[in-house]
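Notes to accompany the following structure.
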Amino acid sequence: MKRADPKQQGVNLPPEVRPGQSIELLQELHILTRDGKLNQDSRRKLKQVYHLYQFIEPLLKEIQQDHPGISLVDHGAGKSYLGFILYDLFFKGLDDGSRIYGIETREELVQKSTELAQRLGFPGMSFLNLSVAESTKSTQLPERIDIVTALHACNTATDDAIDFALKKHAKFMVLVPCCQAEVASVLRKNKGKDLGKSALTEIWRHPLHTREFGSQVTNVLRCLQLEAHGYQVNVTELVGWEHSMKNELIIASYKNLPRKRPTERLQEVLATLGLEEMGQRFYSEKLAEAETMSAAE
């Protein structure tokens, strides 16, 4: 049963709600109450989404200038909170084949999102029950994707999203990494043999520092990897997102920039920190090309 529009009930909507936004969507996402009100938590949540939208909207407009029909993939979509808001604010007025794909491993969330999109009349949304890694080879997605988002995709899922975006030749990536544990585990494993190498190893000698330094290094390696594929990378804060310390926002734009220096730096950082075994995950374009040639032989 479709909920009544609070406007039709004579309820004044909060000023945070933008003209033309779907009231039913905001209610389904539990941002608005049934009578069109916002509580403090919902007001903060809506503000955070708008803040992120400010970064994504210019990217969408730039794609529009290049060609009609935007393709956006949201990895680790969860309840597809971001996808629905993006569609409501930007995509629903388009009639050019633009589409948002939500990738999520939990089947029940995929089903609920599919049902909600149908109920709202959002035909340009698709939801796929796949892991990020599986989606790279899935025939359910186009060969090229314009923009890839991954918000709080945990641990290596962010790296899988980057791998997906690179293989799909994405023009833009919008990433908010979370729970980067893999690099820290390698640092921890090699700590005994590495501690005598340099005074710099004191940076990750203590367990807490190992975790925090590992998280920092992970994002540094991601940025170098993107630059080694010709992307321009900007790193900023997504302030206040879920009141989490994991609020680093990485925006990558493909500019076909020189690859040599970031490729060398990527390899130097891996070697300096004893992370050579991570080279297959944080790979450069040069390495990817060599592997492709080897497989062809």
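Sequential numbering from 1 along the given sequence is applied to the chain's residues.
- By the 4.5 Å heavy-atom criterion applied to side chains, L275 and F282 are not counted as neighbours.
- For the residue pair R99 and S126, a side-chain donor N or O sits within less than 3.5 Å of a side-chain acceptor on the partner.
- Nearest heavy atoms, V235 versus C223: CG2-SG, 3.6 Å.
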side-chain contact (heavy atoms from CB on, under 4.5 Å) between L273 and W204, worked out: CA-CA 10 Å; L273 300 181; W204 68 93; 3.7 Å; yes

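- Heavy-atom minimum distance, V132 versus A161: CG1-N, 3.4 Å.
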From CA spacing to verdict: salt bridge (charged side-chain N to carboxylate O under 4.0 Å, His left out), E104, K112: CA-CA 11 Å; E104 172 57 45; K112 287 181 179 179; over 6 Å; no

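- Note on L257 and L226: separate hydrophobic clusters, where clusters join Ile, Leu, Val, Met, Phe, Trp and Tyr whose side-chain heavy atoms are under 4.5 Å apart, directly or indirectly.
- Between the side chain of S138 and the main chain of E134, no donor-acceptor pair closer than 3.5 Å is present.
- The number of heavy-atom neighbours closer than 6.0 Å to CD of Q216, taken from other residues, nucleotides and ligands shown, is 12 or below.
- Heavy-atom contacts from other residues, nucleotides or ligands closer than 6.0 Å to CG of D95 number 12 or fewer.
- Checking E115 against Q111 by side-chain atom types alone, a donor-acceptor pair falls below 3.5 Å.
- From D96, atom CG reaches atom CD1 of I70 across 6.5 Å, with rounding to the nearest 0.5 Å.
- Residues Q21 and D88 share a closest heavy-atom pair of CA-OD2, 3.5 Å.
- Using bins of under 30°, 30° to 60° and over 60° for the plane-to-plane angle, the ring pair F91/Y87 lands in the parallel bin.
- Residues L109 and L82 do not share a hydrophobic cluster, clusters being chains of Ile/Leu/Val/Met/Phe/Trp/Tyr side chains in contact below 4.5 Å.
- Considering only heavy atoms from C-beta on, E264 comes within 4.5 Å of K260 through its side chain.
- Taking the six-membered ring where the residue is Trp, F84 and F122 present tilted rings, their angle falling between 30° and 60°.
- Nearest heavy atom pair, residue A117 against residue M125, reads CB-CB, 4.2 Å.
- Note: H30 and Y81 fail the aromatic proximity criterion, with ring centroids not under 6.0 Å apart.
- H75 has its side chain within reach of V148: a pair of non-hydrogen atoms, C-beta onward, lies under 4.5 Å apart.
- Counting heavy atoms from C-beta outward, R281 and D160 have side chains that approach closer than 4.5 Å.
- Between L38 atom CG and L26 atom CG the span is 8.0 Å, to the nearest 0.5 Å.
- Minimum interatomic distance between T158 and C178 (heavy atoms only, all atoms of both residues): OG1-N, 4.3 Å.
- Salt bridge E28/R119: present, at least one basic N to carboxylate O contact under 4.0 Å.
- The pair R43-E16 meets the salt-bridge criterion, with a side-chain N (NZ, NE, NH1 or NH2) lying under 4.0 Å from an Asp/Glu carboxylate O.
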Can you check side-chain contact (heavy atoms from CB on, under 4.5 Å) on L29 and K79, steps first, answer last? CA-CA 9 Å; L29 297 178; K79 296 179 181 178; 5.6 Å; no

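- Here H229 contributes atom NE2 and L224 contributes atom CG; the two are 12.0 Å apart, rounded to the nearest 0.5 Å.
- Within the 3.5 Å criterion, the main-chain N or O of G214 finds a donor-acceptor partner in the side chain of T218.
- Cation-pi check for R18 over Y53 is not met; the charged atom does not lie both under 6.0 angstrom from the ring centroid and within 45 degrees of its normal.
- When side chains are defined from C-beta on, H209 does not count as touching I203, because their heavy atoms never get closer than 4.5 Å.
- Q27 contributes no side-chain N or O that, together with a main-chain N or O of L32, makes up a donor-acceptor pair within less than 3.5 Å.
- The pair R222-E248 does not meet the salt-bridge criterion, since no charged nitrogen lies less than 4.0 angstrom from a carboxylate oxygen.
- Residues I250 and Y231 are not in side-chain contact: their nearest non-hydrogen atoms beyond the backbone lie 4.5 Å or more apart.
- The existence of a salt bridge linking K61 and E57 is confirmed by a sub-4.0 Å separation between a basic side-chain nitrogen and an acidic carboxylate oxygen.
- Following chains of ILVMFWY side-chain contacts shorter than 4.5 Å, one cannot reach V183 starting from L208, and the two form parts of different hydrophobic clusters.
- Between the CD atom in E107 and the CG atom in N129 there is a gap of 5.0 Å [rounded to 0.5 Å].
- D146 has its side chain out of reach of L72: every pair of non-hydrogen atoms, C-beta onward, lies at least 4.5 Å apart.
- Taken to the nearest 0.5 Å, the CG atom of L120 stands 5.0 Å off from the CD atom of E24.
- A heavy-atom distance below 4.5 Å is found between the side chains of L116 and L25.
- One distance of note links OG of S113 with CD of E108; it measures 10.0 Å at 0.5 Å rounding.
- The shortest heavy-atom contact between G102 and A77 is CA-CB, 4.0 Å.
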